[in-house]
Amino acid sequence: MLVGIMGGTFDPIHTGHLIAAERARVEAGLDEVWLMPANVPPHKPNAPKASTQQRWEMVCLAAEGNPFFRPIDIEITKGGVSYSIHTIELLVQAYPDTEFAYIIGADMVQYLPQWHRIDDIVRHIRFIGLARPGYELDMDQIPEHIRSRVKLVPMPQVDISSTIIREERQRSGSVRYLVPEAVNRYLEVNRLYET
């Protein structure tokens with residue numbers, strides 16, 4: 001089985017994440033996409049606004065209705081800072097018959113050589129880089145042993161971000177259709193990001 005891993009803070013998860021996950025699934029021939037909220041993201045200076053439990057619950061709601069999407073709480077359960085290599089080692093150990101591919105933006109592909117223990121990472125998994133319209137990536141600048149483990153797939157331009165959603169909620173704006181309807185209801189019921 002070939003599984004795409006889409007990790008993120010998901011503060012909150014939104015339609016752009018789901019479009020990216022579906023595009024990666026179809027274009028890369030994935031059997032499933034596992035949506036994996038980070039416990040403590042290593043490269044984000046500010047803590048998530050929603051609690052870990054709230055972010056997990058929103059991911060579960062967002063995955064409903066798509067039989068190819070599966071929430072996975074491995075980083076939350078592990079605790080601590082979410083470094084990719086530690087997560088990958090846990091996944092490979094827990095699911096030895098599954099091949100994994102990390103789904104990342106094409107803009108992140110150029111930084112793969114700087115990832116913590118990237119040589120160990122590429123021995124275990126592949127990468128799917130989502131190439132947005134107009135973004136130029138020079139794959140020749142990436143070492144061959146990393147480049148050979150990356151598949152670029154086209155991604156439509158989707159200008160939705162968790163920051164925009166939090167800002168809209170803070171000013172009492174509508175985020176309907178920016179997030180799945182179940183997530184929209186969750187935000188309203190729990191009054192998330194209102195202050």
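A quick note: this is a predicted structure, and the numbers were derived from the prediction, not measured.
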Engineer: Sequence neighbours left out, what passes ring-ring contact (aromatic ring centres under 6.0 Å, His included) with W115? Give chain and number order.
Structural biologist: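 For W115, the residues satisfying ring-ring contact (aromatic ring centres under 6.0 Å, His included) (neighbours in sequence not counted) are F127.
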Engineer: Can you name the residues that form a ring-ring contact (aromatic ring centres under 6.0 Å, His included) with H116, not counting sequence neighbours?
Structural biologist: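 Residues passing ring-ring contact (aromatic ring centres under 6.0 Å, His included) with H116: Y83.
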Engineer: For Q93 and E89, which I'm curious about, is there any donor-acceptor pair between the side chains at under 3.5 Å?
Structural biologist: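 No, because no side-chain N or O of Q93 sits under 3.5 Å from a partner of the opposite role on E89.
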Engineer: Using every non-hydrogen atom in the two residues, find where I125 and R149 come nearest and quote the distance to one decimal.
Structural biologist: O-NH2, 3.1 Å
Engineer: What is the minimum heavy-atom distance between V92 and F100, and which atoms define it?
Structural biologist: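 The pair with the smallest heavy-atom distance is N-CE1, 4.4 Å.
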Engineer: Under 4.0 Å between a side-chain nitrogen and a carboxylate oxygen: does that hold for R25 and E32?
Structural biologist: no
Engineer: In terms of hydrophobic clustering (I, L, V, M, F, W, Y; side-chain heavy atoms under 4.5 Å; direct or indirect links), are V150 and I103 co-clustered?
Structural biologist: no
Engineer: Check whether L192 and I76 end up in the same hydrophobic cluster, where Ile, Leu, Val, Met, Phe, Trp and Tyr are linked by side-chain heavy atoms less than 4.5 Å apart.
Structural biologist: no
Engineer: Under 3.5 Å, side chain of D11 to main-chain N/O of A50, donor-acceptor pair present?
Structural biologist: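 Yes: the side chain of D11 pairs with the backbone of A50.
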Engineer: Indicate the atoms forming the closest heavy-atom contact of A28 with I128, along with that distance.
Structural biologist: CB-CD1, 3.6 Å
Engineer: First locate atom CZ of R169, then atom OG of S162, and finally report the distance between them rounded to the nearest 0.5 Å.
Structural biologist: 13.5 Å
Engineer: Could you tell me whether a side-chain N or O of D31 sits under 3.5 Å from a main-chain N or O of M1, the two making a donor and an acceptor?
Structural biologist: no
Engineer: Would you say I88 and I121 make side-chain contact, with heavy atoms under 4.5 Å?
Structural biologist: yes
Engineer: Is any side-chain N of the basic residue among E194 and R191 closer than 4.0 Å to the acidic one's carboxylate O?
Structural biologist: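 Yes, charged N to carboxylate O under 4.0 Å.
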Engineer: Answer whether the closest heavy-atom distance between the side chains of L187 and M58 falls below 4.5 Å.
Structural biologist: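 Contact flag for L187/M58 side chains = yes.
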Engineer: Give a yes or no answer on whether the side chain of D138 reaches the backbone of D140 with a donor-acceptor pair at less than 3.5 Å.
Structural biologist: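 Checking the backbone N and O of D140 against the side chain of D138, a donor-acceptor pair under 3.5 Å is found.
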Engineer: Check whether any side-chain heavy atom of L91 lies under 4.5 Å from a side-chain heavy atom of W34, and answer yes or no.
Structural biologist: yes
Engineer: Kindly work out whether a path of hydrophobic side-chain contacts (I/L/V/M/F/W/Y, heavy atoms less than 4.5 Å apart) joins M139 to I104.
Structural biologist: yes
Engineer: Does a sphere of radius 6.0 Å around OH in Y177 hold more than 12 heavy atoms from other residues, nucleotides or ligands, not counting ones at 6.0 Å or beyond?
Structural biologist: no
Engineer: Does the ring centre of H17 sit less than 6.0 Å away from the ring centre of F10?
Structural biologist: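 Yes, they do, as the ring centres are separated by less than 6.0 Å.
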Engineer: Looking only at atom types and distance, does a side-chain atom of R55 sit under 3.5 Å from a main-chain N or O of A38, one as donor and one as acceptor?
Structural biologist: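 Pair found, side chain donor or acceptor close to backbone of A38.
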Engineer: For P48 and T9, work out which heavy atoms get closest and say how close.
Structural biologist: CG-CG2, 3.7 Å
Engineer: Which heavy atom in A20 sits nearest to a heavy atom in L130, and how many Å separate them?
Structural biologist: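 It is CB-CD1, 3.4 Å.
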Engineer: Check for a donor-acceptor pair, side chain of N190 on one end and backbone N or O of Y186 on the other, with a separation under 3.5 Å.
Structural biologist: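 Answer holds: yes.
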Engineer: Check for me, please, whether V175 and V59 land in the same ILVMFWY cluster - side-chain distances under 4.5 Å, paths through other members count.
Structural biologist: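 Shared cluster, yes.
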Engineer: Can you tell me if E22 uses its side chain to pair, donor with acceptor, with the backbone of I19 under 3.5 Å?
Structural biologist: no
Engineer: Taking atom OG1 of T87 and atom NE2 of H124, what is their separation to the nearest 0.5 Å?
Structural biologist: 12.5 Å
Engineer: Please determine whether residues I13 and I160 belong to a single hydrophobic cluster, defined as Ile, Leu, Val, Met, Phe, Trp and Tyr linked transitively by side-chain heavy-atom distances below 4.5 Å.
Structural biologist: yes
Engineer: Compile the donor-acceptor pairs under 3.5 Å between side chains in residues 64-72 and protein atoms, sequence neighbours left out, one pair per line.
Structural biologist:
{"residue": "N66", "atom": "OD1", "partner": "F68", "partner atom": "N", "Å": "2.8"}
{"residue": "R70", "atom": "NH2", "partner": "Y95", "partner atom": "OH", "Å": "3.3"}

Engineer: Taking all heavy atoms of L35 and all of A63, pick out the closest pair and write down the distance.
Structural biologist: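 In this case the closest contact between L35 and A63 is CD1-CB, 4.1 Å.
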Engineer: Whether K78 and E75 form a salt bridge (side-chain N of Lys/Arg under 4.0 Å from carboxylate O of Asp/Glu) is what I want to check.
Structural biologist: no
